[in-house]
Asks: 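Quick one: the structure is below, questions incoming.
All values derive from a computational prediction rather than experimental measurement.
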Amino acid sequence: MAPRMLVVWGVVLVAASAATDVAGWSPGTATFYGGSDGSGTMGGACGYGNLYSAGYGVNNAALSQTLFNDGASCGQCYAITCDGSGARTGSQYCKPGNTVTVTATNLCPPNYGLPNGGWCGPGRPHFDMSQPAWENIGVVQGGIIPVLYQQVKCSRSGGVRFNIAGSNYFLLVSIQNLGGSGSVAAAWVKGDKTGWIQMSRNWGANWQALSGLTGQALSFAVTSTGGQYIQFLNVTPTWWQFGQTYSTNQQFYY
């Protein structure tokens with residue numbers, strides 16, 4: 001069967017007639033939170049804290065459980081456009097022709113006080129976007145809109161950043177500002193008196209090592225979910241402190 005053409009607000013998309021995805025775009029829904037300036041979106045289940053300091057800014061979103069993937073999606077980028085085809089409820093609130101790219105920084109948990117857990121219930125692809133990001137594609141009075149989305153390559157300013165927390169015997173590192181695929185698949189840490197130590201995901205974008213590395217200069221190695229491996233050597237001095245963020249000049253491209 002020949003593919004059909006579908007025009008979504010000026011973007012020509014191709015799909016098999018029986019498919020739900022349209023040329024890499026998948027159907028979902030979107031709401032907004034955090035106030036008109038997006039300040040209420042700071043922090044979140046990825047553990048980035050201040051999203052401006054972490055490199056993400058106000059174009060961010062909380063993902064439903066099915067997209068959040070237990071934190072493995074933290075840092076990934078999604079292009080989102082309102083589905084103005086008229087076939088879905090709420091399409092009258094679309095802003096035609098607009099697409100916005102957001103970074104996954106938080107979890108939108110199910111609300112089991114609502115049927116099927118609400119918009120962020122199990123199996124539902126939903127984006128609870130910062131209001132400034134959402135207003136690029138939807139009219140505020142609508143509250144919720146049908147969208148088409150796809151994961152896209154992240155473009156970041158500057159290099160990868162490492163925020164260090166923990167204790168003398170436990171290292172907790174938030175790995176931030178990744179370009180390319182945007183998210184971390186594996187991570188290692190090395191003190192100047194140790195070999196490479198495998199880290200494990202603690203929560204969100206935070207990776208842990210059950211090692212005492214105070215007083216040692218730290219290096220990190222990271223594999224992105226796109227498969228790119230980079231060693232970040234001598235990221236910190238020997239006198240690094242908990243609570244500090246250390247920036248690099250290296251960046252991921254996939």
Asks: Give a yes or no on whether the backbone of Ser53 and the side-chain of Asn50 come within a donor-acceptor separation of less than 3.5 Å.
Replies: yes
Asks: Determine whether Leu171 and Leu210 make a side-chain contact, defined as any pair of heavy atoms from C-beta on separated by less than 4.5 Å.
Replies: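 When only atoms from C-beta onward are counted, Leu210 and Leu171 do not touch, as no gap falls below 4.5 Å.
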Asks: Regarding Tyr149 and Gln151, do their side chains bring together a donor and an acceptor under 3.5 Å, going by distance alone?
Replies: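 There is no such pair between these side chains.
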Asks: What closest approach, in Å, do Thr236 and Leu218 show between heavy atoms, and which atom pair accounts for it?
Replies: OG1-N, 2.9 Å
Asks: Please list every donor-acceptor pair under 3.5 Å in which a side-chain atom of residues 115-125 meets a protein atom from a residue at least two apart or in another chain.
Replies:
unit_1 : atom_1 : unit_2 : atom_2 : d
Arg124 : NH1    : Gly118 : O      : 2.8

Asks: Taking Val160 as the starting point, is it possible to reach Val189 by hopping between hydrophobic residues whose side chains are less than 4.5 Å apart?
Replies: yes
Asks: With a 4.5 Å heavy-atom cut-off, do Tyr78 and Leu63 have their side chains touching?
Replies: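 Yes, their side chains come closer than 4.5 Å.
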Asks: Measure the OH-SG distance between Tyr253 and Cys154 for me, rounded to the nearest 0.5 Å.
Replies: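 So the OH of Tyr253 and the SG of Cys154 are separated by 13.5 Å.
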Asks: Return yes if a side-chain donor-acceptor contact under 3.5 Å exists between Tyr33 and Asn106, otherwise no.
Replies: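 There is such a pair (donor and acceptor under 3.5 Å, judged by atom type) between the side chains of Tyr33 and Asn106.
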Asks: Are Trp134 and Leu107 linked, directly or through intermediate hydrophobic residues, by side-chain heavy-atom contacts shorter than 4.5 Å (ILVMFWY only)?
Replies: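 Leu107 and Trp134: one cluster.
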Asks: Going by the angle between their ring planes, with limits at 30° and 60°, are Trp188 and Tyr229 parallel, tilted or perpendicular?
Replies: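 Aromatic pair Trp188/Tyr229 classed perpendicular.
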Asks: Same cluster or not: are Phe220 and Phe252 linked, directly or through other Ile, Leu, Val, Met, Phe, Trp or Tyr residues, by side-chain heavy atoms under 4.5 angstrom apart?
Replies: yes
Asks: Is the side chain of Ser181 donor-acceptor paired with the backbone N or O of Gly226 at a distance under 3.5 Å, no angle test?
Replies: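 Checked: pair present.
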Asks: If you define the side chain from C-beta out and look only at heavy atoms, does anything of Gln198 sit under 4.5 Å from Trp207?
Replies: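 Result no, sub-4.5 Å side-chain heavy-atom pair not found.
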Asks: Run the side chain to side chain contact (heavy atoms under 4.5 Å, CB included) check on Asn202 and Leu172 step by step: do they pass?
Replies: CA-CA 8 Å; Asn202 183 291; Leu172 186 66; 3.6 Å; yes
Asks: Can you classify the ring geometry of Phe232 versus Phe162 as parallel (below 30°), tilted (30 to 60°) or perpendicular (above 60°)?
Replies: perpendicular
Asks: Distance check, rounded to the nearest 0.5 Å: Gln228 atom CD versus Tyr254 atom OH?
Replies: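 Going from the CD atom of Gln228 to the OH atom of Tyr254 covers 4.5 Å.
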Asks: Hydrophobic cluster membership, with links at side-chain heavy-atom distances under 4.5 Å among I/L/V/M/F/W/Y: are Leu148 and Ile137 in one?
Replies: no
Asks: Rounded at 0.5 Å granularity, tell me how far OG1 in Thr214 sits from CD1 in Ile164.
Replies: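 Going from the OG1 atom of Thr214 to the CD1 atom of Ile164 covers 11.5 Å.
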Asks: Could you tell me whether Asn111 atom CG has more than 12 heavy atoms of other residues or ligands within 6.0 Å of it?
Replies: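 Result for CG/Asn111: enclosed.
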Asks: If we ignore hydrogens and angles and just use 3.5 Å, is the side chain of Arg156 paired with the main-chain N or O of Gly180 as donor and acceptor?
Replies: no
Asks: Can you confirm whether Val173 sits close enough to Asn206 that some side-chain heavy atom of one is under 4.5 Å from a side-chain heavy atom of the other?
Replies: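 They are not in side-chain contact.
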Asks: Where do Cys46 and Ala104 come nearest, in terms of heavy atoms and distance?
Replies: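 That would be SG-O, 3.9 Å.
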Asks: Apply side-chain hydrogen bond (donor to acceptor under 3.5 Å, both in side chains) to Gln250 and Thr248, showing your working.
Replies: CA-CA 6 Å; Gln250 295 168 271; Thr248 72; 5.2 Å; no
Asks: Output, in order, the C-alpha distance, side-chain angles, deciding distance and verdict of side chain to side chain contact (heavy atoms under 4.5 Å, CB included) for Ile145 and Phe127.
Replies: CA-CA 10 Å; Ile145 52 174; Phe127 298 85; over 6 Å; no
Asks: Working note: Gln76 + Val152, criterion side chain to side chain contact (heavy atoms under 4.5 Å, CB included); need CA distance, chi angles, decisive distance, verdict.
Replies: CA-CA 8 Å; Gln76 292 180 359; Val152 295; over 6 Å; no
Asks: Hey, does Gln176 have a side-chain heavy atom less than 4.5 Å from the side chain of Tyr56?
Replies: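 Side chain of Tyr56 against side chain of Gln176, heavy atoms only: contact under 4.5 Å found.
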Asks: Consider only side-chain N and O atoms of Gln131 and Ser36, and report whether a donor and an acceptor are under 3.5 Å apart.
Replies: no
Asks: Evaluate Phe32 against Ile144 for side chain to side chain contact (heavy atoms under 4.5 Å, CB included), listing each step before the verdict.
Replies: CA-CA 8 Å; Phe32 61 87; Ile144 183 164; over 6 Å; no
Asks: Examine distances only and state if a side-chain atom of Arg201 and a backbone atom of Val184 form a donor-acceptor pair shorter than 3.5 Å.
Replies: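 Yes, Arg201 side chain to Val184 backbone: donor-acceptor pair under 3.5 Å.
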Asks: Less than 3.5 Å apart, any donor N or O on the side chain of Thr245 or Asn163 sitting next to an acceptor on the other?
Replies: yes
Asks: Considering all heavy atoms of both residues, which atom of Ala72 and which atom of Ser183 are nearest to each other, and what is their separation?
Replies: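 Residues Ala72 and Ser183, closest heavy atoms: O-CB, 3.5 Å.
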Asks: Side chains of Trp203 and Asp70, heavy atoms from C-beta outward: is any pair under 4.5 Å?
Replies: no
Asks: Working to the nearest 0.5 angstrom, can you tell me the gap between Tyr52 OH and Met42 CE?
Replies: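 One finds 5.0 Å between OH of Tyr52 and CE of Met42.
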Asks: Within this structure, what is the CD1-OG distance for the pair Ile197 and Ser219, rounded to the nearest 0.5 Å?
Replies: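 Answer for the CD1-OG pair, Ile197 versus Ser219, is 11.0 Å.
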Asks: Within the side chain of Gln216, is there an N or O that forms a donor-acceptor pair under 3.5 Å with the backbone of Lys193?
Replies: yes
Asks: Roughly how far apart are Lys95 NZ and Asn136 CG, rounded to 0.5 Å?
Replies: 7.0 Å
Asks: Considering all heavy atoms of both residues, which atom of Asn177 and which atom of Gln251 are nearest to each other, and what is their separation?
Replies: O-NE2, 3.0 Å
Asks: Work out which heavy atom in Arg88 is nearest to a heavy atom in Val147; give both atom names and the distance.
Replies: NH1-O, 3.1 Å
Asks: Would you name the heavy atoms of Pro110 and Gln65 that are closest together and state the gap between them?
Replies: CG-OE1, 3.7 Å
Asks: Have Gln244 and Tyr246 got a donor and an acceptor in their side chains that come within less than 3.5 Å?
Replies: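 Side chains of Gln244 and Tyr246: no pair found under 3.5 Å.
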Asks: Less than 4.5 Å apart, any side-chain heavy atom of Thr31 and any of His126?
Replies: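 Thr31 reaches His126 side chain to side chain.
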Asks: Contact between Val100 and Met129 at the side-chain level, heavy atoms closer than 4.5 Å - yes or no?
Replies: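 Yes, their side chains come closer than 4.5 Å.
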Asks: Looking only at the side chains, is there a donor atom on one of Ser130 and Thr41 sitting less than 3.5 Å from an acceptor on the other?
Replies: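 No.
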Asks: Assess whether atom OH of Tyr112 is packed by more than 12 heavy atoms of other residues, nucleotides or ligands within 6.0 Å.
Replies: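 Buried by this count: over 12 neighbours within 6.0 Å.
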Asks: Pairing donors with acceptors under 3.5 angstrom, does anything connect the side chains of Asn60 and Thr103?
Replies: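 Side chains of Asn60 and Thr103: no pair found under 3.5 Å.
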